[in-house]
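Each remark here refers to the structure printed beneath this line.
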Amino acid sequence: MMRLFQNLGRYLIFIRRVFSRPEKHSLYFRQVFREIDKLGVSSLGIVAIISFFIGMVVIIHMTTSISNPLIPAYYNSFTTRDVLVLEFSSSVLCLILAGKVGSNISSEIGTMRITEQIDALETMGINSASYLVQPKIIGMMLIIPVLVIISIFIGLLGGWFIAVVGNMMTSADYLQGIRFDFHPYKVFYTLIKSVVFAFIITSVSAYHGYYTQGGALEVGRSSTLAVVWSMILILISNYLVTQIMIG
Amino acid sequence: MIRVDNISKTFDGKAVLTDISATFDEGRANLIIGRSGSGKTVLLKCLIGMFEPDSGDVWYDANRFTELDSDQQRTFRQQMGVVFQGGALFDSLTVEQNVRLPMDFFTSWNRNEKKDRVNFCLEKVTLPGVNRLFPAELSGGMKKRVAIARAIALNPRYLFCDEPNSGLDPQTAIVIDKLIREITVDFNITTVINTHDMNSVMEIGDHILFLSDGAKCWEGSNNEILTSGNKVLNDFVFASELMKRFK
Ligand SMILES: Nc1ncnc2c1ncn2[C@@H]1O[C@H](COP(=O)(O)OP(=O)(O)O)[C@@H](O)[C@H]1O
Ligand SMILES: [Mg+2]
């Protein structure tokens, strides 16, 4: 318990250092785009594959579970859409990205720590926390909402594909369902969540990497901690944001 | 000139440095020698403010470094160049970008001025034409030389090298040693070098501080070291068969 509070305190101090005024804006700007490319765009493939398959599976579940003749067919794609928009494409996707992106960030920064690259930055007079981490956080907060939107579309495409190919419902019913009772607020809600999750994944992983001590073994340990803690905090904040915005 | 007044440092109650005082003058190679674990790195990191000594002061010419807060210390470090034990080059940047980084941050030079300066520094360490290589593509000795080039990028007034020739063959080691001393004399900077290598001591040891278990045990020059009569120092100096025969 003591350790938890120590870590929390150190984390907050770390965040304050990360967001102190950058030495040179032009450099940071370029870094942000590099991080968007390295962390975000490179995740497009995995996002597309997972979303397509989940879309397929969800529509199968919906059509087999809701087989009451009183309920119109378009309800299947309507519920699929809400599953994707409300939870899958933000929460579940970010849990997956926490594994991929979180371990990447933590091991990169952890390696820089144990090979004294972070010390080298500090001795040059550069604020290492801000230079290394701020562009990652900002880049991820910009790109993850985009990935979420892409995930929703690809998930719906996967659902449409299997619904039509598998003769579960007509294309027209499917399209009617995904437009039925549409509230932009729900998309807004899920985007807000994804921005929060992006902040959590990046800052928590960077924190664990930054305070790595020891050697290669500890870099691995930091990565594990980074992923586990990112996931726990995503789940908790998912509940909190939902309670506030929906509940 | 750097002056150290009565510095002590403990880690978790274990004394690592006890009451060290010394003066390091400009224009000559100041060596800190001692066995592994004797506290050389900790002393160096106290000098540059990466560790805060428990007591004592560090003076840089007329500036009392130890009374500055951490942001002021970081700014002051723009006048320092530090070469870390493993080189600490940034893996994701090319040689040129590594050497240019301090310029990107702290100068308003244009692209060509930076390029000229990078090439000047790389020529100074006899490594022209490697600008586009990444650190992973360099040998150990080349990495050290790039690290030196990066350390002198902004004409530092103070240069620190932590075991600059560890892990190198004896010939390359001497090239590096001579290079550091040449830079020191040419630019009249204050240089502090950690080493446990007797070759370096004999080659460039203008002023030597011998640490044993974190305490200053002997101080002198390479002309005096073989005839000091200090028991602990003799054990260190004449550890190898070669040096024993030399005696
Ligand atoms: N960050 C640290 N925390 C605790 N102990 C440390 C730390 N850094 C160094 N030490 C201890 O200080 C002593 C001196 O280490 P060091 O200065 O690295 O020796 P060396 O002379 O080989 O460079 C060692 O016993 C080491 O275990
Ligand atoms: Mg050392």
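Below, read A as the first sequence line, B as the second, and so on, with proteins coming before strands; counting in each chain starts at 1.
- Atom CZ of A/Arg17 has more than 12 heavy atoms from other residues, nucleotides or ligands within 6.0 Å.
- A/Arg221 CZ: 12 or fewer foreign heavy atoms inside a 6.0 Å radius.
- With chain A as the partner, the residue from B/Arg150, B/Gln73, B/Arg74 showing the most heavy-atom pairs under 4.5 Å is B/Arg74.
- Within 6.0 Å of CZ on A/Arg10 lie more than 12 heavy atoms contributed by other residues, nucleotides or ligands.
- Counting non-hydrogen atoms of neighbouring residues, nucleotides and ligands closer than 6.0 angstrom, the CD atom of B/Glu52 reaches no more than 12 such neighbours.
- Remark: A/Arg30 CZ to B/Asp104 CG distance equals 6.5 Å, nearest 0.5 Å.
- Both the backbone and the side chain of B/Asp91 come within less than 4.5 Å of a heavy atom of chain A.
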Inset, instruction - Would you please test B/Phe90 and A/Met112 for side chain to side chain contact (heavy atoms under 4.5 Å, CB included) and show each step? - result: CA-CA 8 Å; B/Phe90 305 119; A/Met112 294 189 75; 3.9 Å; yes
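- When the shell of 6.0 Å around CZ of A/Phe188 is examined, it contains 12 or fewer heavy atoms from other residues, nucleotides or ligands.
- Within a 6.0 Å radius of CG in A/Leu4, other residues, nucleotides and ligands contribute more than 12 heavy atoms.
- For A/Tyr185, the OH atom sits in a packed shell: over 12 heavy atoms of surrounding residues, nucleotides or ligands are nearer than 6.0 Å.
- The contact between B/Leu89 and chain A is made entirely by backbone atoms, counting heavy-atom distances below 4.5 Å.
- Heavy atoms from other residues, nucleotides or ligands lying under 6.0 Å from CG of A/Asn7 number more than 12.
- For B/Gln85, the parts sitting under 4.5 Å from any heavy atom of chain A are the backbone and the side chain alike.
- With sequence neighbours excluded, the residues satisfying ring-ring contact (aromatic ring centres under 6.0 Å, His included) with B/Tyr158 are B/Tyr60.
- Of residues 119-152 of chain A, those residues lying under 4.5 Å from chain B by any heavy-atom pair are A/Asp119, A/Ala120, A/Leu121, A/Glu122, A/Thr123, A/Met124, A/Gly125, A/Ile126, A/Asn127, A/Tyr131.
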